[in-house]
Amino acid sequence: MQAASLLARHLGCRRGDRWLFHGVDIALSSGEALHLVAPNGVGKSSLMRILAGLLPASTLDGPPAHVEWNGAVGLLDERHGLDMGQPLGEALAFWARLDGPVPQDALAALGLTPLLDVPVRYLSTGQKKRAALARLIGQNAPNWLLDEPLNGLDVDACALVEDIIYEHCAAGGTCIIASHQPLSLPDLRRMDLAEYAL
Amino acid sequence: MSGALWAILRRDVLVLLRGGVSGGGTLLPILFFLSVAVIFPFAVGPDPKLLARVGGGVIWVAALLAAILPLDRLVEPDREAGLFDQWALRGIAEEWVIAIRMAAHWLSFAPALMLAALPAAGLLGLNGRVTGLIELGLLAGTPGLAAVGVMVAAMTAGLKGGAALAGLLVIPLCVPILIFGAGALAIGGESGLALTAAASLVLLALTPFAGAAALRAGR
């Protein structure tokens, strides 16, 4: 896997006139995982999107916000990024042309092999989440941003996601997980975004 | 990078041809276009002179209305599914994504529309000269229609009632193409073709930037 690290400084988020949080600094180096917790509405998803470069960061005062990744970034959020109208196999095949294929054993482990002929719109919430995870694995990005990766998953699948994150970090990747649910991962750092709320 | 762009173009064309989640694809706008040509003589009467005089304009109006039909599936389903986010994460500029969407939209509807214009012209009793000018005008004008469609679809993606608003916004933007395209059918009006093409080119040049700005603002 390529080198992976994140250095983010002075991140703030403003939605309209309202400041959600400010002064967030995050540093992650290869192999580290961070569990982002906060009550609803504090801005976990916004922070994830700022880190992904999809939303601009704001700064209340002081030095400008700054996000620096080493290596590509993969994002998993409530938007699965798969064509609703196509069978799962074809929807994943599109991403395979951009990113490279999803390993067969990952598809099997996620229980997706029998679903490849099923149109994405007929998949359940949990199945869509697992399909999005397969897409993320296929992307082969060293840095992962996972926004509520356990939502809609059953107990077995939750344990599987923890294994996948563990293996990703063990291979030298970084991972930030925003989740309300407890995660049992070794050496998991924890950050409470509510401490930065305004 | 260019491999990724080709993959996106291929995927966009396939999805737009088939119609994605809501179905329909290319077939519905084309059937709509043909049915306008079929019902028009019923409404105004079968007088060949009258039809020959207004038939070309009817085809142009029908083409414009048919171009409005697929607007709500041009951008919104992919925004909703997060595809635009994922492309941005891979460093593919929104301008490219919109330019590709424009090309895919044109490919998925313009050739079929130009083909359907032949039977439509026959149904309205248009002569060979006018039919030829309609085909040339559509060739020059449909890229502009596709560009306006994608631009407006990007601007209204995610809005409540975005589809109806998009239809309303597209019509005034397409007026230059309609005026020059239909104007080219008059005797001695052939220079209208060049102006149709010019209007299309302006819209083609503008749309990737306007559409990309709309995508970014809508995140």
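Per chain, numbering begins at 1; letters A, B, ... match sequence-line order. This structure is a prediction, so every number in the text was calculated from the model and none was measured.
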Sort by residue number and list every residue of residues 123-139 of chain A having at least one heavy atom under 4.5 Å from chain B. A/Arg135, A/Gln139
Check the pair B/Arg73, B/Asp78 against salt bridge (Lys or Arg N to Asp or Glu O under 4.0 Å), reporting the backbone distance first and the verdict last. CA-CA 8 Å; B/Arg73 23 181 211 84; B/Asp78 290 352; over 6 Å; no
Got a sec: does the CG of A/Asp187 have more than 12 other heavy atoms crowding it under 6.0 Å? no
A/Asp83/B/Arg18 salt bridge by N-O under 4.0 Å criterion: no
Around atom CZ of B/Arg219, are there more than 12 heavy atoms of other residues, nucleotides or ligands at under 6.0 Å? yes
Please list, in residue-number order, every residue in residues 89-102 of chain A that has a heavy atom less than 4.5 Å from any heavy atom of chain B; write 'none' if there are none. A/Glu90, A/Phe94, A/Trp95, A/Arg97, A/Leu98, A/Asp99
Pair count under 4.5 Å, heavy atoms only, with chain B: among A/Asp77, A/Val120, A/Leu75, A/Leu82, highest is A/Leu75
Heavy-atom count check: over 12 atoms from other residues, nucleotides or ligands less than 6.0 Å from B/Phe32 CZ? yes
Do A/Cys13 and A/Ile50 come close enough that some side-chain heavy atom pair is under 4.5 Å? yes
Passing option when B/Thr207 is tested against B/Val202, B/Val148, B/Ile98 for side-chain contact (heavy atoms from CB on, under 4.5 Å): B/Ile98
Give the ring-plane orientation class for A/Trp19 versus A/His22, where under 30° counts as parallel, over 60° as perpendicular and anything between as tilted. perpendicular
Side-chain donor-acceptor contact under 3.5 Å, B/Thr142 with B/Trp106: yes
Would you call B/Asp85 and A/Arg79 a salt bridge, using N to O less than 4.0 angstrom? yes
Proximal component of A/Leu55, with respect to chain B [non-hydrogen, under 4.5 Å]: side chain
If one checks every heavy atom of A/Ala72 against chain B at 4.5 Å, the contacting part turns out to be neither
Does any heavy atom of chain A fall under 4.5 Å from the side chain of B/Arg216, the backbone, both, or neither of them? neither
A/Asn40 and A/His180 side chains, donor-acceptor separation under 3.5 Å: yes
